[in-house]
Amino acid sequence: MNNPSGVLLEAQGGEEQVAEFLSGIEPLAPPLAVISAVSSEQIPLVEEGGFIVRESGGGGGEVQISPDCDVCPDCLGELFDPADRRYRYPFINCTNCGPRYTIIKGVPYDRAATTMAGFTMCEECLAEYGDPGNRRFHAQPNACPVCGPRLTLLDPKGKSLEGDPLDTAISMLQRGRILALKGVGGYHLAVDACNDDAVRELRRRKNRDEKPFALISPGLAEIMEYARFDETEQRLLSGAERPIVLLRKRERNPIVSLVAPANGYFGVMLPCTPLHHLLLRDNFLALVMTSGNLSDEPVSFLDDEALQRLAGIADLFLTHNRDIHTRTDDSVIRVFQGKPIFLRRSRGYVPRGITLPSVQRSVLAVGGELKGTVCLTRGNLAFLSQHIGDLRNAATLRSMEETIVQLGRILRIDPKVVAHDLHPDYLSTVHALSLPGLTKVAVQHHHAHLASCMAENGLEGETIGVIFDGTGYGPDGTVWGGEFLVGGYGSYRRAGHLRPIPLPGGDAAVRAPFRMALSWLYMIYGELLFALPLPPVSELPASERKLFMRMLERRLNSPLTSSCGRLFDAVASIIGLRQKVSYEGQAAIELEALAESTVNADVYPFGITLDGGVQILDFCEMVQAIVQDVVTARPEGEIARSFHNTMAEAVVETCRKIRTESGIDRVVLSGGVFQNKLLTEGVFTLLVKSGFYPFTQRLVPPNDGGVALGQAIIAGRSVLCV
Ligand code: ZN
Ligand code: ZN
Ligand code: FE
């Protein structure tokens, strides 16, 4: 019997038989079963025979809900077997596979509490469902072509089209049309990835200038034609979670270059639903598979809403009548030294629990602003939500509110404490403060990053946290983002940071790296900067120079920042790679790709000075040397590589100084900048060589998608709310 505390089994027989039954539970469990613990007790004997499965009942609320999962090998065999009654049936599933989290409305996990409730099983399906020897025994979403959900193909006006929906969709895709496709956690937009016009048209209609599109291919053999992967990447691609994995491009490949311009990688996934398998197999080398939204908005997951919002983008809609209850984006991963780095942790992983170092009180944490996620804890488990998105958007905020309610309901968690960012203007903060009756705990952004990395690595005590990201609210009124913190869950101190410089125009500088470059150059060269033959200089019209300088001098709308992300922007601008970006982090991603194109071990000069017990890391000399290199036309790839070397060297040198003064030799690396594999590799290797014990984030993203986990453990242990 399923109850909210887990599964309750009653067995009777001889002592040996019962012992054998008990010891077989873990090794013989079905592939999707996550067994966190098995406990047993003797109960009074009742004369009973046979095998009975009882209706689900109430209970304590300790159970975990499964994530969604790709079709299993058995179901895949049936899907392509003309003799099987589910031949080419896109909703095939069994206890080992299929949708879970996205269709569940409540607990216990029974068909009645899912979006399958409206479909009554036919006799054949019911027989499978009731047969303990069958693979579909108690498979809640069980269905077949007779009784289950069906596909329809619609035009943008919502009119259903004649003919077989799947066949028509395939042939339209082959002719270069744009298809909106209902997936597990939301709508995708798909086009043939080898058709130049189709990809260009999708970019135009989606209003997305440069952000890379993800790809989906029917199998590993097809992926091999355009990208390279190692053993770890192959394992991640083929796993039941089916994330998008970033794979290095092959030099000459048949994919349209507009799919991922100026990027060394493709984001690639294998089919994650039976429908994808049917669409792709034998038909396409790869399809673009990008989320069904306009840039920056949340992904569509309700049918009417999708039709409305995507009508101007898609030529046709391949949809069906099994509702998605919870919107869930694709997960995105890259591999670093045989371990995953999550760029986004979502479908396939949510709501799997992350084990905390110890039991703590239940809390809710609402995360940051960009790449929003929320986190709920129960006992020693933390449940990080799916990716919610950019919380500067009202639609995303609603989605966050819904996620908090839904996660709380299915996990049966009713927290009394809410953790939020220190930034008073984040919509997540505003929402947290509006929750009645909950104790509020404000957590500094980079402290949360540090705690997040410590928590998932099971660390206690104090560590050095190297936290490099875009921006975060500093308690001293400046914008932090290149931090060396020393501390643990209870407290931290700022032991070092990048030398702060003005961020001209505040948020405007994030979209325009040349502004940050000019800020650096002005600090070093003063007015003479305008005589330098550098790309960022020509970006600013001569008529605006005076105003710009006045802005920097008087700090008009130019807060000081120690952000490391902004330093990457400045360097990308100075070497002429990128003056403006269409998404945050774009310049850094391209700078990394450029650096990877060559190898050298050069390190630029930099300075570390002690100011009131705090290590100040100063890159003025490095920027000067880079300017020299640009003026003397050193190849950009070489400069980019030396810049990465310098950053790694400077980080480790600063850590050495902090170790000398504190005696701490464990270092956690977190923050969005550590999505950069080249930098992470450099820092990690040098730290090990220098006798440190470095830790990276492997279970949750190093970017702001992982901040809620850190907030949750800090609040859970906070003395404020005992
Ligand atoms: Zn299956
Ligand atoms: Zn049926
Ligand atoms: Fe951050």
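For this chain, numbers begin at 1 and follow the sequence in order. Ligands are counted one by one from 1 in listed order, and the atoms in each one are counted from 1 as well.
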* To do: Give a rough value, rounded to 10 degrees, for the angle at the Zn ion (ligand 1) between atoms SG of Cys75 and SG of Cys97.
  => 110°
* Identify the residue among His446, Glu483, Gln675 that makes a side-chain contact (heavy atoms from CB on, under 4.5 Å) with Asp469. => His446
* **SG (Cys147) to the Zn ion (ligand 2) to SG (Cys125) angle, given to the nearest 10 degrees** => 110°
* Check ion pair Lys211-Glu584 (N to O, under 4.0 angstrom) -> no
* **Ionic contact status for Glu592 with Arg334, cut-off 4.0 Å** => yes
* Using a cut-off of strictly less than 2.8 Å, determine whether His449 has an N/O/S atom near the Fe ion (ligand 3). => yes
* Asked: Does Arg136 pair with Glu78 as a salt bridge, N-O distance under 4.0 Å?
  -> yes
* To do: With the side chain counted from C-beta on, respond yes when Pro99 and Asp68 share a heavy-atom pair under 4.5 Å apart, and no when they do not.
  => yes
* **Of all N/O/S atoms in Asp469, the name of the one nearest the Fe ion (ligand 3)** => OD2
* To do: Could you tell me the angle subtended at the Zn ion (ligand 2) by SG of Cys144 and SG of Cys122, rounded to 10°?
  => 100°
* Asked: Asp704: which N/O/S atom is nearest the Fe ion (ligand 3)?
  -> OD1
